[in-house]
Participant: 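Could you have a look at this structure, given as structure tokens, before my questions?
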Amino acid sequence: DSVFASIVQAPEDPILGVTVAYNKDPSPNKLNLGVGAYRTEEGKPLVLNVVRKAEQLLVNDQSRVKEYLPILGLAEFNKLSAKLILGNDSPAIQENRVATAQCLSGTGSLRVGAEFLAKHYHQRTIYIPQPSWGNHVKVFTMAGLSVKNYRYYDPTTRGLNFQGLLEDLGAAPAGAIVLLHACAHNPTGVDPTVEEWEQIRQSMRSKGLLPFFDSAYQGFASGSLDADAQPVRMFVADGGECFIAQSYAKNMGLYGERVGALSIVCKAADVASRVESQLKLVIRPMYSNPPIHGASIAMTILKNSDMYNEWKIELKAMADRIISMRKQLFDALSAKGTPGDWSHIIKQIGMFTFTGLNSDQVAFMTKEYHIYMTSDGRISMAGLSSKTVPHLADAIHAAVT
Ligand SMILES: Cc1ncc(COP(=O)(O)O)c(CN[C@@H](CCC(=O)O)C(=O)O)c1O
């Protein structure tokens, strides 16, 4: 008998499993609105032109080798990533108060940060928004933190439950870790306003709560890298400490290259250098050192002003296409007179619309219309095109009437 004979079949991942089901569906008009991965108007994955150019430069550079990277990854990539989120003129960077490690995309950055906190921080409770990205709970739990929720989304208004958020963070024990979506909240597409962010910052700092920003969509919410980094920069500007996980999966289209960075903003340079040394002890036994190719692409783009500007143009085009899909879906439902208020489709921002459809309605849409989306009613707007909006509108209309 196998020593693993008693192992049971694991369930599919709630998000990545949607793609598994989609791939099995033979229907010609199936639609994958599950995974948050950008698709073009033709419904195809997109490799940015500037990424192709960067790769060409790398291939042509005969001096490049395939040696191990340092445990913390490409040093120049780390510096450029910190600048991207904190701003070129960040005092924290100028004062050498930022410890950065190249990690395996956003997930890896979150995990390394969580493992570091479990090992070195006096508080092991992390508060995450209700709802949040499905993988957050598992990443933090596996790292040894205990996960609690703070109220975030208000189903009745389909907006932010700001009072509930402030109450829950106000009731958190001093020093608790708080996960904050830097922009384009997943799955709700609901972000605090700048004024609300300022109130959140004051409240958290007054209680010594430790912010852990998850920045997976910088540039995708508004189309502007700087605007989407504003909440992070407000916290760093007050001189306090915070963790920031960055992903280049969506905004550079480097999904499968697993490119990301964890930055820990500290109060003093000597602390940052000791923190950096301890980060290496977390990473070395986990995966030793990160992959060279994806980070080299990102570094090539970030360090060359022409390529950086070209990237910003392509990034804005992706954000704009998503916004136009919002408008088209809203207009299609309005034209059909679909019962209900659908204005949240155009009010929400980033990659996802949190439709408010329940799991039975989602199951109906999958069965009858071959629409694939997560059971919480989230739709990845990037999976839509002008051609497929009518099909989705028909499905939603049928699901609610
Ligand atoms: C808020 C948030 N943080 C981190 C990540 C992790 O992204 P990396 O690929 O590790 O950089 C995602 C990706 N969430 C998308 C993509 C599919 C997934 O990993 O769940 C989603 O929610 O569909 C995310 O939405």
Side-chain angles (χ1 to χ4, degrees), residues 11-22 32-39 45-46 73 77 81 84-85 101-114 126 128-140 142-143 147 152-153 178-191 211-221 228 231-232 243-263 286-287 290-291 294-295 297-298 318 322 348-355 372-384:
E12 286 290 356
D13 179 86
I15 295 173
L16 301 179
V18 171
T19 299
V20 174
Y22 168 82
N32 188 3
L33 305 178
V35 68
Y38 184 81
R39 297 295 176 256
L46 176 69
F77 164 82
S81 291
L84 182 71
I85 188 71
Q102 175 196 334
C103 293
L104 306 183
S105 215
T107 307
S109 304
L110 291 163
R111 181 66 183 267
V112 167
I126 183 165
I128 71 173
Q130 179 59 38
S132 193
W133 175 48
N135 207 24
H136 275 146
V137 181
K138 300 164 208 163
V139 167
F140 297 127
M142 295 283 275
V147 179
Y152 187 85
Y153 180 70
V178 179
L179 183 92
L180 301 165
H181 292 233
C183 72
H185 181 268
N186 175 5
T188 67
V190 171
D191 283 0
F212 194 149
F213 280 99
D214 180 358
S215 178
Y217 298 95
Q218 185 182 359
F220 240 103
D228 288 353
V232 173
F243 279 54
I244 308 158
Q246 281 173 280
S247 166
Y248 289 90
K250 290 87 178 178
N251 59 15
M252 246 187 217
L254 295 176
Y255 303 91
E257 297 286 359
R258 313 308 294 140
V259 187
L262 169 72
S263 280
M286 196 187 288
Y287 55 82
I297 295 171
M318 289 194 282
I322 289 175
Q348 292 169 359
I349 59 173
M351 232 170 186
F352 308 107
T353 285
F354 208 45
T355 59
Y372 288 83
M373 57 196 275
T374 46
S375 60
D376 59 3
R378 183 192 86 169
I379 282 180
S380 175
M381 301 308 284
L384 276 176

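Remember, predicted model here, so these are calculated numbers, not experimental data. Counting convention: from 1, in listed order, for ligands and their atoms alike.
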Participant: I'd like to check the salt bridge (charged side-chain N to carboxylate O under 4.0 Å, His left out) partners of Arg258; sequence neighbours left out, ordered by chain and number.
Facilitator: none
Participant: Using atom types as modelled and distance alone, determine if a side-chain donor or acceptor of Asn32 lies under 3.5 Å from a backbone N or O of Gly383.
Facilitator: no
Participant: Pairwise, report which nitrogen or oxygen atoms of ligand 1 are under 3.5 angstrom from protein nitrogen or oxygen atoms, and how far apart they are.
Facilitator:
from     : atom 1 : to     : atom 2 : distance (Å)
ligand 1 : 3 (N)  : Asp214 : OD1    : 3.4
ligand 1 : 3 (N)  : Asp214 : OD2    : 2.6
ligand 1 : 7 (O)  : Lys250 : NZ     : 3.1
ligand 1 : 9 (O)  : Arg258 : NH1    : 2.9
ligand 1 : 10 (O) : Gly106 : N      : 3.3
ligand 1 : 10 (O) : Thr107 : N      : 2.8
ligand 1 : 10 (O) : Thr107 : OG1    : 2.6
ligand 1 : 10 (O) : Arg258 : NH2    : 2.9
ligand 1 : 11 (O) : Ser105 : OG     : 2.5
ligand 1 : 11 (O) : Gly106 : N      : 2.7
ligand 1 : 11 (O) : Ser247 : OG     : 2.7
ligand 1 : 14 (N) : Trp133 : NE1    : 3.2
ligand 1 : 20 (O) : Trp133 : NE1    : 2.8
ligand 1 : 22 (O) : Trp133 : NE1    : 3.4
ligand 1 : 22 (O) : Asn186 : ND2    : 2.9
ligand 1 : 22 (O) : Arg378 : NH1    : 2.8
ligand 1 : 23 (O) : Gly36  : N      : 2.7
ligand 1 : 23 (O) : Arg378 : NH2    : 2.9
ligand 1 : 25 (O) : Asn186 : ND2    : 2.7
ligand 1 : 25 (O) : Tyr217 : OH     : 2.7

Participant: Kindly indicate whether the side chain of Pro231, heavy atoms from C-beta on, has any atom under 4.5 Å from the side chain of Leu180.
Facilitator: no
Participant: Taking atom types as modelled, is there a side-chain donor on Tyr248 or Ser81 under 3.5 Å from an acceptor on the other?
Facilitator: yes
Participant: Is it true that a side-chain atom of His185 and a backbone atom of Gln348 form a donor plus acceptor pair closer than 3.5 Å?
Facilitator: no
Participant: Do His136 and Val147 come within less than 4.5 Å of each other through their side chains, counting heavy atoms only?
Facilitator: no
